[in-house]
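Worksheet for the structure shown next.
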Amino acid sequence: MSAPAPSTLAIVDAEPLPRQEEVLTDAALAFVAELHRQFTPRRNELLARRGERRAEIARTSTLDFLPETAAVRADDSWKVAPAPAALSDRRVEITGPTDRKMAINALNSGAKVWLADFEDASAPTWENVVLGQLNLTDAYERRIDFTDPKSGKSYALKAADELATVVMRPRGWHLEERHLQLDGVSVPGALVDFGLYFFHNAQRLIDLGKGPYFYLPKTESHLEARLWNDIFVFAQDYVGVPQGTVRATVLIETITAAYEMEEILYELRDHASGLNAGRWDYLFSIVKNFRDGGAKFVLPDRNAVTMTAPFMRAYTELLVRTCHKRGAHAIGGMAAFIPSRRDAEVNKVAFEKVKADKDREAADGFDGSWVAHPDLVPIALASFDAVLGEKPNQKDRLREDVSVAAGDLIAIDTLDAKPTYDGLRNAVAVGIRYIEAWLRGLGAVAIFNLMEDAATAEISRSQIWQWINADVVFENGEHATAELARKVAAEELAAIREEIGEETFTAGKWQQAHDLLLQVSLDQDYADFLTLPAYEQLR
């Protein structure tokens, strides 16, 4: 008697979408189901390991480089695979979600790379998950022309040799995709995003002279990188493309990963492309992991923690040194400013800050950097052009002058800045505004002239939580308390109602956003990710 056929993925509680049958083919769903069978058990074990590690940090209030992987760090002989031609020059990368207009603008932006984002810049509605996949395939097939129904403006792709190379970012390991289930169990969002994209586009991208390239978010250890590497090996065999076709850039946006950069590159070495230095998620991870570590781990207002803070400088310089030692690209942080169409003076000041930031990264040895808006591409490009000239990167700058001790990465108390009352108000205001948009299906949101994503909301709510639990006293003498947070949140909600009018306010999800922000900011049990309870409310 033959073995029973494996059960197939079920699409659950999802309204049909136009052209979804092009994405959700039987063959593609069978591939995602096989990824789920093979790799979800290990993913679940690694999520449990995160909890154990966090408990250890709570007990010791410290972190160190891993003694058990010292041999990997000491072995100078290994390097990551050489960069493919399409990823050799990454001097400017633009980030954003995968809606049609954004896809065209990002590909046309003049940036070398577009980070096509299914993660923090995309609220994971079923529509965004499926149609985002469709938009990328349409872009590769050059059938993505788009006319904005509001403005009547038309968008079309430039010539193929002028388009950015796509590096796709799937969701982090912690998120499920509730609309795709196998035997009643939801498939991890990461496997859905990766699986559908890889299955449909790996060969198509090879035919275009590129390949399936990925950004890996929220990684917390080299064992999580090993899991991704095993997925890449399996996937390449499954669809019949050569091993080593995949390239992955890992975001070092958690404090634990900062202690395992070399090991992460080592695990992915046949598929590794580089590392990226994030900011908001990195600060969020510091608060999350050291939230009960006392006053010396209390962060000031988020805008007071620049990349020149000593502990952030240690992190970025170590990243450049690590990448170049191993032949990988070091990609810098985000310039999130959104130019104002009305205020030239705001733009002038912001552009000067962006230039200073990109000049610093280029001088430090980074091979490229991120921007959130096409208008910032020329500014970042000029900073890197000045250092690189005709060279595609500066991986030959080994930065052997850099020496970072374990304690340098968590020396938060080297900052003079302190939390302020205005910082609390800003965290509440930005948190409410972002969550409201996210609950409506928007992941990248312009707030106060900055492009904000889910990492913004995470650092906002984490700082509120930390300040209250550390009994911070602001400069005006007020104590950070739950009562104060509720008062400020009520005032901000009233101000938003006044600003946008009753009709727009009622049509939005403002009260829901206010309540969710307070829930994750005030609950004694700190939620690992804001997006977990938020996803329960995303319809």
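Values below: all heavy atoms of this structure, side chains included; hydrogens, waters and symmetry mates excluded.
- Residues Phe118 and Tyr197 place their aromatic rings such that the two centres sit no closer than 6.0 Å.
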Subject >> Stepwise ring pair (Phe, Tyr, Trp, His ring centres under 6.0 Å) test for Phe194 and Trp228 >> reply: CA-CA 10 Å; Phe194 165 82; Trp228 270 118; 5.7 Å; yes
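- The line from CZ of Arg291 to CZ of Arg54 is 3.5 Å long, rounded to the nearest 0.5 Å.
- In the model, Asn201 has a side-chain atom that pairs as donor or acceptor with a side-chain atom of Thr137 under 3.5 Å.
- The pair Glu253-Lys288 does not meet the salt-bridge criterion, since no charged nitrogen lies less than 4.0 angstrom from a carboxylate oxygen.
- Evaluation of the ring-ring contact (aromatic ring centres under 6.0 Å, His included) rule for Phe297 yields Phe290 as partners, not counting sequence neighbours.
- Tyr535 OH to Phe529 CZ: the interatomic distance, rounded to the nearest 0.5 Å, is 15.5 Å.
- Inter-residue side-chain proximity for Leu517 and Leu530 is flagged as unmet; no heavy-atom pair is nearer than 4.5 Å.
- Proximity of a side-chain donor or acceptor of Asn476 to a complementary backbone N or O of Glu478 within less than 3.5 Å is detected.
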Original post:
Could you walk me through whether Tyr421 and Val488 pass the side chain to side chain contact (heavy atoms under 4.5 Å, CB included) check?
Top reply: CA-CA 10 Å; Tyr421 179 78; Val488 170; 3.8 Å; yes
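- Comment: Asp301 does not engage Arg425 in a salt bridge, judged by the lack of any side-chain N to carboxylate O separation of less than 4.0 angstrom.
- Residue Glu141 qualifies as enclosed at atom CD: its count of foreign heavy atoms under 6.0 Å is above 12.
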Original post:
How far apart are the C-alpha atoms of Glu491 and Lys487, what are their side-chain angles, what is the distance that settles it, and do they pass the salt bridge (Lys or Arg N to Asp or Glu O under 4.0 Å) test?
Top reply: CA-CA 6 Å; Glu491 291 168 358; Lys487 172 177 167 285; 3.3 Å; yes
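- Of the possible donor and acceptor atoms, none in the side chain of Ser122 sits under 3.5 Å from a partner among the backbone N and O of Pro124.
- Under a 4.0 Å N-O distance rule, the pair Glu352/Lys355 does not qualify as a salt bridge.
- Here Met334 contributes atom CE and Leu115 contributes atom CG; the two are 8.0 Å apart, rounded to the nearest 0.5 Å.
- Minimum heavy-atom separation, Glu177 to Val192: CB-CG2, 3.8 Å.
- The side-chain heavy atoms of Phe505 and Leu493, taken from C-beta on, include a pair separated by under 4.5 Å.
- Ser273 and Arg90 share a donor-acceptor pair across their side chains, judged by distance under 3.5 Å alone.
- Side-chain atoms of Ile379 and Phe337, non-hydrogen and from C-beta on, never get closer than 4.5 Å to each other.
- We find the CG-CG distance between Leu9 and Leu182 to be 5.5 Å, quoted to the nearest 0.5 Å.
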Original post:
Between His174 and Thr531, does a side chain to side chain contact (heavy atoms under 4.5 Å, CB included) hold up when you go through it step by step?
Top reply: CA-CA 9 Å; His174 58 290; Thr531 44; 3.7 Å; yes
**OP:** Show the numbers, then the answer: is there a side-chain hydrogen bond (donor to acceptor under 3.5 Å, both in side chains) between Gln511 and Asp515?
**Re:** CA-CA 6 Å; Gln511 187 67 49; Asp515 295 350; 3.0 Å; yes
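- No more than 12 heavy atoms of other residues, nucleotides or ligands sit less than 6.0 Å from atom CD of Glu127.
- Taking each heavy atom of His179 and Ala14 in turn, the nearest pair found is ND1-CB, 3.9 Å.
- When the side chain to side chain donor-acceptor pair (under 3.5 Å) test is applied to Thr98, no partner is found at least two apart in sequence or on another chain.
- Looking at Gln133, its side chain does come within 3.5 Å of a backbone N or O of Asp193 through a donor-acceptor pair.
- Counting heavy atoms from C-beta on, the side chains of Thr306 and Met312 never come closer than 4.5 Å.
- Contact check for Ile286 versus Phe311: side-chain heavy atoms found under the 4.5 Å cut-off.
- For Trp465, the ring-ring contact (aromatic ring centres under 6.0 Å, His included) partners at least two apart in sequence or on another chain are Tyr526.
- Remark: the backbone N or O of Val473 is not paired with any side-chain donor or acceptor of His479 at under 3.5 angstrom.
- No donor-acceptor pair closer than 3.5 Å links the side chain of Tyr434 to the backbone N or O of Ala444.
- Between Glu224 and Lys218 there is no salt bridge, since none of the side-chain N atoms of the basic residue sits less than 4.0 Å from a carboxylate O of the acidic one.
- Contact check on Asp138 versus Arg19 returns a salt bridge, with a Lys/Arg side-chain nitrogen under 4.0 Å from an Asp/Glu carboxylate oxygen.
- Applying the ring-ring contact (aromatic ring centres under 6.0 Å, His included) test to Trp370 and every residue at least two apart in sequence or in another chain returns Tyr215.
- Within 6.0 Å of NZ in Lys158 there are more than 12 heavy atoms belonging to other residues, nucleotides or ligands.
- Of the possible polar contacts, none joining the Gln537 side chain to the Leu439 backbone as a donor-acceptor pair under 3.5 Å is found.
- Panel note: side chain Asp357, backbone Lys353; no donor-acceptor pair is recorded below 3.5 Å.
- Counting non-hydrogen atoms of other residues, nucleotides and ligands closer than 6.0 Å to CG of Asp13 gives a total of 12 or fewer.
- By the neighbour-count criterion of 12 heavy atoms within 6.0 Å, atom CD of Glu21 is densely surrounded, having more than that number from other residues, nucleotides or ligands.
- Side-chain contact between Glu361 and Thr316: absent, with no pair of heavy atoms (C-beta onward) separated by less than 4.5 Å.
- Two residues are said to be in side-chain contact when any heavy atoms from C-beta on lie closer than 4.5 Å; Leu134 and Leu17 fail this criterion.
- Taking CG of Asn289 as the reference point, atom CD1 of Ile255 lies at 8.0 Å (rounded to 0.5 Å).
- Salt bridge annotation for Glu499-Arg433: present, with a cationic side-chain nitrogen under 4.0 angstrom from a carboxylate oxygen.
- Look at Asp148 and Lys153 and you find no salt bridge, because none of the NZ, NE, NH1 or NH2 atoms lies under 4.0 Å from a carboxylate O.
- Electrostatic pairing of Arg440 and Glu436 counts as a salt bridge here, judged by a charged N lying under 4.0 Å from a carboxylate O.
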**OP:** Start with the C-alpha gap between Asp422 and Phe474, add the side-chain angles, then the distance that decides, and say whether side chain to side chain contact (heavy atoms under 4.5 Å, CB included) holds.
**Re:** CA-CA 9 Å; Asp422 281 347; Phe474 297 119; over 6 Å; no
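- With sequence neighbours left out, the ring-ring contact (aromatic ring centres under 6.0 Å, His included) criterion links His514 to no other residue.
- Rounding to the nearest 0.5 Å gives a distance of 8.0 Å between CG of Asn449 and CG of Asp343.
- Using a 4.5 Å heavy-atom cutoff, the side chains of Val166 and Leu205 are not in contact.
- For the salt bridge (charged side-chain N to carboxylate O under 4.0 Å, His left out) condition, the pairs that include at least one residue of residues 446-458, sequence neighbours left out, are Arg302-Glu452, Glu458-Arg461.
- Nearest heavy atoms, Ser462 versus Phe284: OG-CD1, 3.2 Å.
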**OP:** Let me see the working for Leu180 and Val129 under side chain to side chain contact (heavy atoms under 4.5 Å, CB included), right down to the final yes or no.
**Re:** CA-CA 11 Å; Leu180 280 178; Val129 168; over 6 Å; no
